[in-house]
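Before any comments, here is the structure.
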Amino acid sequence: MTIAAPLWSTLPVPPTELCLDKVLRCGQSFRWKLSAPNEWTCTLRGRVVTLQQEPSHIKYRAVFPPGRSDSTTPTNDDTEELLRDYFNLSVNLEALYSHWSSVDPNFLKKSTTFAGIRILRQDPWENVVSFICSSNNNISRISQMVNNLCLHFGPHLATIDSIDYHDFPEPSALAVPGVEQRLRELGFGYRAKYIAKAALLVANERVPGWLNSLRKVSYREAHDTLLELPGVGPKVADCVCLMSLDKPGALPVDTHVWQIAQRDYKFKGVKGKTLNKTTYDAIGDHFRKLWGEEAGWAHSVLFTADLKAFSEVKNETTVVSTKAVLTAQVETLMQNTSIKQEQSMMTAETSRKRVKREDVEEKEGEKEINDGVAETSSLVDRIKRRRRSGRS
DNA sequence: GAAAAACCTCGCCC
DNA sequence: AGGGCGAGGTTTT
């Protein structure tokens, strides 16, 4: 059943404190979907949250599942509190940017184009599972996998514009027989075993709230504790520490960050082809010494600036890049909605054919984009209509 | 202990 | 056309 969307509320946060387009697709969370141009939707703590970025603030609204009648009265809606927590809004990001810019010319160079990139405060369990999925992987496929996890194991919350929204599954929902096999059928590969075992461990061998309690212990202790989980090594542990456990100095070093360290910071010690533990720690220490207590936050800005998904922002003028961003967002919409969620239920061959067909139609649609938001909106509507008719 | 090899799948490249 | 290769690592040799 479809639920009428409530009115919009305002979160008085400027783009320099929070840039949705960057933060929601830079690889921190893998579940936000573009539901319309400049409109992001995701399930969060039992509700479907939708966000829009305005020049001076953020607009938001929440849809609760039927049965939560209190959701209709704004006084009982705690979504603003939820968003302030989720986006870590008590942290003054502009002050941090000023500091990092004053100690690092390279950061200063990137900071204008890549403003408003902050670290989220996500649910630790979701983060553990998401980053177990991230090994030997890319953002596009990680998003697909996490969405499939919610679709097949998470509770259904609402259906909006004929798109089903499911919350992220609790550990207990994944601590049941047959999960590994089902995850393999969904294309999780060798990560299926790690997720199934991690869920069993968290659900059956630890007290409730065990992961969340790591917010209260030191960075070192939290990091070392996370290594108990199968499929979690130093890098994934640092991702969870930084993005879920209030450890702003945690600095995940992947091959990408390693390249940034060598290319932009002349980092020495390029011994092996692979990143060993000694080099891993040395790079983290180097950046913590340079940027200070919140080095993990600063690292996220440079990491985002280096993502291929944002390469068009670097070189183009404002007008051109706006159009490019909108076009890219439409592509993201196509890729991350129901079409892709169903993909792994089909055979690989069928899947490839269907994606190719969608690509062709997408290119035909692109011709209709001349300029501005209105044309893009009509394209999005066309895509939605086509998807509806195609599925019925 | 350090350094390869294996692990699943997808998408891009030549 | 289709094999080769790497992608935000971890675990096993």
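Numbered from 1 within each chain, the chains take letters A, B, ... in sequence-line order.
The side chain of A:P234 has C:dT10 as its nearest neighbour among C:dT10, B:dA3, B:dC8. Among C:dG9, B:dT9, B:dA3, the nucleotide with an atom closest to any side-chain atom of A:R141 is B:dT9.
Summary of the strand contacts: A:D254 and A:L229 both lie near DNA chain C, and taking for each the nucleotide with the nearest heavy atom, the more 5' one is attributed to A:D254.
The base-pairing partner of C:dG8, taking Watson-Crick or G-U wobble contacts with both distances under 3.5 Å, does not exist among the strands shown.
Ion pairing between A:R288 and A:D285 holds under the 4.0 Å rule for side-chain N and carboxylate O. Looking at A:D78 and A:R47, a side-chain N of the basic residue comes within less than 4.0 Å of a carboxylate O on the acidic one, giving a salt bridge. Residues A:D306 and A:R263 are paired through a salt bridge, judged by an N-O separation under 4.0 Å between the basic side chain and the carboxylate.
Looking at heavy atoms from C-beta onward, A:N137 lies out of side-chain contact with A:F131 at the 4.5 angstrom threshold.
Evaluation of atom-type donor-acceptor distances gives a pair under 3.5 Å for the side chain of A:R191 against the base of B:dC8. Taking 3.5 Å as the limit, the base of C:dG9 and the side chain of A:Y190 contain a donor-acceptor pair of atoms between them.
Within 4.0 Å of A:R184, counting heavy atoms only, lie sugar-phosphate atoms of the nucleic acid but no base atom. If you check every strand for non-hydrogen atoms under 4.0 Å, A:G27 touches a base. Nucleic acid contact class of A:I139 (heavy atoms, under 4.0 Å, all strands): base. Contacts of A:V232 with the nucleic acid, taken as non-hydrogen atoms under 4.0 Å apart, involve only primed sugar atoms and P, OP1 or OP2. When heavy atoms are screened at a 4.0 angstrom cut-off, A:C133 is found touching no nucleic acid atom at all. Counting any heavy atom pair closer than 4.0 Å across all strands shown, A:F131 reaches no nucleic acid atom.
Nucleotides C:dA7 and B:dA6, compared at atom C1', are 16 Å apart to the nearest Å.
Residues A:F287 and A:Y265 place their aromatic rings such that the two centres sit under 6.0 Å apart.
The phosphate of B:dC7 (OP1 or OP2) has no side-chain N or O of A:N136 nearer than 4.0 angstrom.
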